[in-house]
Amino acid sequence: MTRGKFITLEGGEGAGKSTQISLLAEALRASGLKVHTTREPGGSPGAEDIRKLLVIGDAGRWDALSEALLHFAARRDHVQKTILPKLEAGTWVLSDRFLDSTMAYQGYAQGLGRDAIATLAKLTLDDFLPDMTLILDLDVETGLARATARQDGEDRYERLGAAFHNSLRNAFRDIAQREPERCAAIDASGDINAVQTVLRAAVAARFGLSL
Ligand code: TMP
């Protein structure tokens with residue numbers, strides 16, 4: 001059994017990750033692969049419970065370290081219960097957010113620093129990383145306008161203000177630059193189909209597929 005590949009989509013608010021992930025999953029399935037889509041925080045029953053603590057409520061509800069610990073608790077459960085079993089069964093796993101979100105949000109934008117996040121990642125994930133990470137890059141104004149149009153009440157992070165979201169954008173760009181072999185930065189300013197075309201081409205090139 002060939003192990004599946006683990007691909008993550010990252011980026012700020014309203015970059016279109018969830019739409020792009022379902023289109024990418026369709027393309028991979030059409031090429032004959034088994035695909036599971038998931039998200040963070042969440043993706044396993046325990047992690048979905050933790051998600052509620054993170055995305056609902058006052059913006060200042062947690063300090064940065066408590067918040068990072070909650071994200072890592074959720075992620076460890078997600079990896080153990082969902083991601084690794086699927087990969088080992090030969091299924092490709094596509095996740096809407098993963099470790100780079102904690103690095104960008106809590107490490108950079110909330111100020112914990114890269115070292116603290118790397119230490120927690122080492123402890124909880126044992127060097128497990130995505131095979132490929134697609135970072136959707138979009139200007140903050142457009143992203144927030146798209147994000148506030150959603151009505152699901154999960155807006156704790158979206159209410160953090162433009163300065164926070166600007167540092168987030170720079171954080172994701174920095175992460176993409178530091179790890180070019182794993183990460184591909186994708187311009188998310190075009191329409192859905194244009195972005196999907198670029199994204200598929202990047203995945204196809206990385207894994208030798210025709211999508
Ligand atoms: P979503 O809006 O993509 O569903 O993600 C929920 C929020 O959680 C989003 O505003 C980003 C935030 N988040 C972090 O701050 N750190 C993390 O590690 C993850 C996975 C998400």
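Counting starts at 1 for both ligands and their atoms, in listed order. All values below come from the heavy atoms of this structure, side chains included, with hydrogens, waters and symmetry mates left out.
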Considering only non-hydrogen protein atoms, determine which one is nearest to atom 1 (P) of ligand 1 and report residue, atom name and distance to 0.1 Å.
-> R97 NE, 3.6 Å
Atom CG of L65 with >12 non-hydrogen neighbours under 6.0 angstrom = yes
Among R51, K17, E40, E10, the residue with a heavy atom nearest to atom 4 (O) of ligand 1 is R51
R75 neighbourhood, listing ligand 1 atoms whose heavy-atom distance to it stays under 4.0 Å = 18 (O), 20 (C)
Can an N or O of E67 be found at a distance shorter than 3.5 Å from an N or O of ligand 1?
-> no
Between E13 and ligand 1, which part of the residue brings a heavy atom under 4.0 Å of the ligand: side chain, backbone, both or neither?
-> side chain
Quick one: does Q110 get an N or O within less than 3.5 Å of an N or O on ligand 1?
-> no
Just grab all the salt bridge (Lys or Arg N to Asp or Glu O under 4.0 Å) pairs involving residues 55-67, residues at least two apart or on different chains.
-> E67-R156
Does V55 come within less than 4.0 angstrom of ligand 1, counting non-hydrogen atoms of the residue?
-> yes
According to the interplanar angle, ranging from 0 to 90°, do the rings of F164 and Y105 count as parallel (below 30°), tilted (30 to 60°) or perpendicular (above 60°)?
-> tilted
Counting each atom of ligand 1 from 1 as listed, which ones have a heavy atom of Q106 under 4.0 Å away?
-> 14 (C), 15 (O), 16 (N), 17 (C), 18 (O)
Heavy atom of the protein closest to atom 19 (C) of ligand 1 (residue, atom name, distance) | H71 CE1, 3.4 Å
